[in-house]
Every structure is written in structure tokens, then in C-alpha cells.
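Below: the structure, in C-alpha cells.
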There are 2 protein chains.
Amino acid sequence: MPTPAEAEFLRLDRQICFSLHAASRAFNGVYRVLLKDLGLTYPQYLVMLVLWEHGELPVKTLGEHLRLDSGTLSPLLKRLEAAGYVQRERSAADERSVLVRLTETGTELRSRALRVPRRIAGATGFELEELRELRARLDRLTAALDEAARHLEE
Amino acid sequence: MPTPAEAEFLRLDRQICFSLHAASRAFNGVYRVLLKDLGLTYPQYLVMLVLWEHGELPVKTLGEHLRLDSGTLSPLLKRLEAAGYVQRERSAADERSVLVRLTETGTELRSRALRVPRRIAGATGFELEELRELRARLDRLTAALDEAARHLEE
DNA sequence: CGCAACTTAGTTGTGCACAATTGAATTGTA
DNA sequence: TACAATTCAATTGTGCACAACTAAGTTGCG
């Protein structure tokens with residue numbers, strides 16, 4: 001009794017999407033260990049990276065960089081504010097917008113974060129070039145999936 | 001003033017881990033659309049895949065297949081039970097263990113899930129061979145990261 | 001100028017991920 | 001057999017992701 005093609009897909013498929021899911025959580029696990037000293041979670045670290053690079057930003061722009069919406073960012077930024085790393089202030093120029101900026105403590109945190117990336121890269125056991133290629137492939141995958149999701153919703 | 005090497009890493013690193021994070025969420029988005037009809041979330045779908053393949057399993061074993069712990073699975077399985085797709089019953093042979101099995105409704109759901117994988121594979125725009133290769137690479141990445149996390153914690 | 005449409009952030013609710021703890025039951029060992 | 005160690009699930013608490021909705025403010029058009 002041969003396994004039907006669709007059922008075979010069902011198994012293969014689980015392994016593909018599942019691998020991505022697992023890799024994402026595995027990354028998270030390593031970051032959790034490395035960021036504990038800094039008092040940051042991985043998504044909080046991403047926010048800090050963007051702020052270290054770009055300085056003061058409205059929440060909207062921050063979300064565009066990270067592909068996160070305000071429902072995720074609002075409470076996250078409140079926690080970063082409570083930790084003393086950022087300040088939030090409604091823009092004077094456009095009162096719809098809330099500006100996020102680093103505090104002095106938050107700015108200083110950067111120097112302690114500098115050692116994280118190399119340790120992460122080391123943890124993967126991948127060469128830089130291989131990481132670069134993987135990233136390119138994942139970005140292409142993400143773009144295709146986003147496109148597909150848009151079409152499917154209509 | 002040249003950018004220090006560590007700072008350069010800081011940017012590159014963000015893009016690598018970030019790509020993975022984004023791809024995982026993008027997959028989630030497509031699954032959300034495709035699974036809405038079945039009344040399943042993506043992690044619930046994973047649980048159903050394992051049950052369709054292996055039949056009745058203790059929660060512990062289910063978690064090993066999916067790399068999820070009981071803190072995640074317990075409430076998830078309660079929701080699947082409330083939806084009428086699974087039953088939970090404490091094992092008679094070993095009363096520490098709770099067995100999860102499909103209900104008739106849950107078993108029948110499989111036929112409606114059969115079309116999902118092909119649509120997902122299509123949404124990626126990747127050839128089957130490319131998906132296979134990506135999966136292998138991600139699995140290797142996950143193994144390395146898990147290994148690193150174990151060492152770092154000590 | 002005034003109002004409708006839009007933009008933006010916040011809030012609320014659901015669900016997943018995971019750490020830490022609890023409690024119950026089994027197993028191994030003296 | 002009795003008890004200590006282990007196993008396992010559940011619970012609790014924190015944080016992220018996202019959808020749906022609210023509220024407030026701005027912009028653009030008539």
C-alpha cells in the first residue's frame with residue numbers, strides 16, 4: 001500500500017517549516033543566555049540595535065525596521081523605559097507620533113553589547129560567508145511568504 | 001574614522017538572526033491564513049501532524065517530537081481538547097504520564113489538512129530540492145546553537 | 001474653513017515560549 | 001519494605017506576536 005503523494009508532502013512539510021521554527025527558538029535560547037547580563041530579551045536587543053544605529057525614532061519607524069507593530073512594541077518599549085534604557089515622548093511636531101530615544105544608560109549599554117555578535121556567530125559554527133548566504137535565502141523566503149500571504153487573504 | 005570591526009559585526013549579526021526571526025514569522029502568517037478554516041494555529045497543527053503520524057502518545061513524547069515542553073503543550077492541548085480534536089487521559093500503566101489521542105473529529109480533520117503542505121510549498125516559491133537543502137542547513141544550525149547554549153549555561 | 005478620511009499609538013484579548021515551582025507518582029536502593 | 005531520588009505534568013508568571021478595536025490627532029478635500 002503506497003503512501004499517497006499528499007501524505008508524503010504532509011511529512012516533508014512538517015520538517016521544513018518545523019526546522020525554521022526550531023532554528024528560531026534555538027537562536028533565541030543562545031541570545032537568552034548571552035543577553036541575561038545586559039537585562040535584555042532578544043526582541044529588546046533588536047530594538048536597542050536599531051536605536052544605537054539610528055538614534056531617536058518614532059515607534060512607527062522602529063516597527064518598520066523590525067517588522068513589528070505597535071501591539072508588540074508598546075509594552076516592550078514600556079519595559080525598556082522601566083529598565084531605564086529608553087525614554088518615550090510624544091512628538092511636538094506631530095502629536096500622533098511617539099518618539100523613542102536612548103537614555104544615557106541605554107547608550108552606554110552598547111559597549112557591553114559589542115561582544116555579543118561575535119559570540120553568536122561563533123555559536124552557529126558557520127563561516128561568515130555561509131551565514132551571509134543563509135541570510136539571503138531566508139530573506140528571499142520571507143519575501144515570497146509575505147507575498148503569498150497577501151494574495152491568500154483576498 | 002573607520003568603523004570598528006565589532007560594530008560592523010553588530011550590524012551584520014542583526015541581519016542574520018533577524019532574517020531567521022522574520023522568516024519564522026512570515027511562515028506563521030501564511031499558516032495562519034491556510035489553517036483558519038481548520039480552526040488550528042500553527043503549533044496546534046504541528047501537534048496534529050505528530051498525532052496523525054504516530055497515533056496516541058504521552059505528552060512527554062509529543063514534546064520530544066516537537067521540542068516543546070509541557071508548559072507550552074499543556075494549555076495548547078487543553079485548547080485542542082476543548083475544540084474536540086483530542087482527548088487526554090492519564091495513563092493506567094504509568095500514572096505520571098498523560099496520554100493524548102485523537103477523537104474521531106480530530107482524525108477526520110486530516111483529510112482537510114492534506115492540501116495545506118502543497119499550498120505552503122507553493123507559497124515559498126522554492127523548489128523541493130532547495131527546501132530540502134535549506135532544511136538541512138537549518139537543522140545543522142539548530143544543533144550547533146543548542147550545543148552552544150548548553151556549554152554557555154555552565 | 002469644516003468635516004471626512006486617514007494615520008498613529010494604545011488597549012485588550014488570545015495564543016505560544018519558556019523558566020521556576022509544585023505535587024504526585026514511580027523507581028532504585030539500602 | 002521504606003525512603004530518597006527521579007520523572008512527569010500542571011501551574012504560575014513573564015514576555016513576545018498579532019488581531020481587533022479605540023482614541024486622538026492630522027491631512028486633504030469640498
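What you are looking at is a predicted structure, and each value in this text was computed from that prediction instead of being measured. Keep in mind that the numbers below use all heavy atoms, side chains included, and drop hydrogens, waters and symmetry copies. Protein chains get the first letters and strands the later ones, always in sequence-line order, with residue 1 at the start of each.
Listed nucleotides: dG15(C), dG15(D), dA9(C). Nearest to the side chain of V98(A): dA9(C). The side chain of P43(B) lies closest to dA17(C), out of dA17(C), dA9(C), dC8(D). With dA17(D), dA9(D), dA9(C) as the candidates, the nucleotide lying closest to the side chain of H21(B) is dA17(D). Closest to the side chain of R32(B), out of dG15(C), dA19(D), dA9(D), is dA19(D).
Using a 4.0 Å heavy-atom distance criterion, L76(A) is classed as a sugar-phosphate-only contact. Contact annotation for K78(B): backbone-only contact, meaning every heavy-atom pair under 4.0 Å involves sugar-phosphate atoms and none involves a base. Residue T72(A) is in base contact, counting any heavy-atom pair closer than 4.0 Å across all strands shown. Within 4.0 Å (heavy atoms only), L68(A) reaches sugar-phosphate atoms of the nucleic acid but no base atom.
K36(B) has its NZ atom 17 Å from the P atom of dT14(C), to the nearest Å. Counting to the nearest Å, the C1' atom of dT26(C) and the NZ atom of K60(B) are 14 Å from each other. One atom, CZ of F27(B), and another, C1' of dC18(D), lie 19 Å apart when rounded to the nearest Å. For the pair L40(A) CG and dG15(D) P, the interatomic distance rounds to 12 Å; values are reported in whole Å. Between the CG atom of L80(B) and the P atom of dT14(C) there is a distance of 17 Å, rounded to whole Å. Distance, D69(B) CG to dT11(D) C1': 12 Å, rounded to whole Å. Between the CG atom of L145(A) and the P atom of dC18(D) there is a distance of 13 Å, rounded to whole Å. If you take CD of E89(A) and P of dT8(C), they are 19 Å apart, rounded to a whole angstrom.
Although no hydrogens or angles enter the test, the distance criterion places no donor-acceptor pair under 3.5 Å between the side chain of S19(A) and the main chain of D139(B). Between the D146(B) side chain and the A149(B) main chain, no donor and acceptor come within less than 3.5 Å of each other. Side-chain atoms of T61(B) never come within 3.5 Å of backbone atoms of L57(B) as a donor-acceptor pair (strictly under, hydrogens ignored). Side chain of Q44(B) to main chain of L76(B): no donor-acceptor pair is present (N/O by atom type, distance under 3.5 Å, no hydrogens or angles).
Residue L20(A) holds its CG atom at 11.5 Å from CZ of R25(B), rounded to the nearest 0.5 Å.
Phosphate proximity of dG10(C) to R88(A): present, with a side-chain N or O under 4.0 Å from OP1 or OP2. For R67(A) and dA17(D), the shortest distance from a side-chain N or O to OP1 or OP2 is not below 4.0 Å. Dashed line: the shortest gap from a side-chain N or O of S74(A) to OP1 or OP2 of dG10(C) is under 4.0 Å. Phosphate proximity of dA9(C) to R90(A): absent, as no side-chain N or O sits under 4.0 Å from OP1 or OP2.
With the nearest nucleotide of DNA chain C identified for both S97(A) and N28(A), S97(A) has the one nearer the 5' end. With the nearest nucleotide of DNA chain C identified for both R25(A) and R96(B), R25(A) has the one nearer the 5' end.
Interface remark: the S70(A) side chain does form a donor-acceptor pair with the dG10(C) base, using a distance-only criterion of under 3.5 Å.
The aromatic rings of Y45(B) and Y31(B) lie tilted to each other, with the angle between the two planes from 30° to 60°.
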